[in-house]
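Encoded as structure tokens, the structure appears first; notes follow it.
For reference, positions follow the sequence shown, starting with 1.
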Amino acid sequence: MIDLKKICKRSKEGRIGKKIVFTRIRVKTLLIVPLSIIGYFTYQGSRAAIEEKVGFYSKEIVKY
């Protein structure tokens with residue numbers, strides 16, 4: 001005989017498992033996007049600062 005309780009239990013576990021996977025993907029996406037944006041602007045700011053300092057020191061070396 002087919003046990004309906006087991007079938008119902010399996011389908012609920014499957015749905016819960018799918019929800020957990022979907023939630024994990026959504027959470028990772030929500031974390032990656034802001035971190036990527038922050039990282040981009042931080043990188044650009046650091047790059048500009050380094051270029052400015054290297055340019056300044058290069059000019060100072062050329063003077064002497």
Inspect the surroundings of CD in Glu52 and state if more than 12 heavy atoms from other residues, nucleotides or ligands are less than 6.0 Å away.
-> no

What is the distance from atom CD1 of Ile37 to atom CD1 of Ile32, rounded to the nearest 0.5 Å?
-> 12.0 Å

Going only through I, L, V, M, F, W and Y residues with side-chain contacts under 4.5 Å, is there a path from Phe56 to Ile61?
-> no

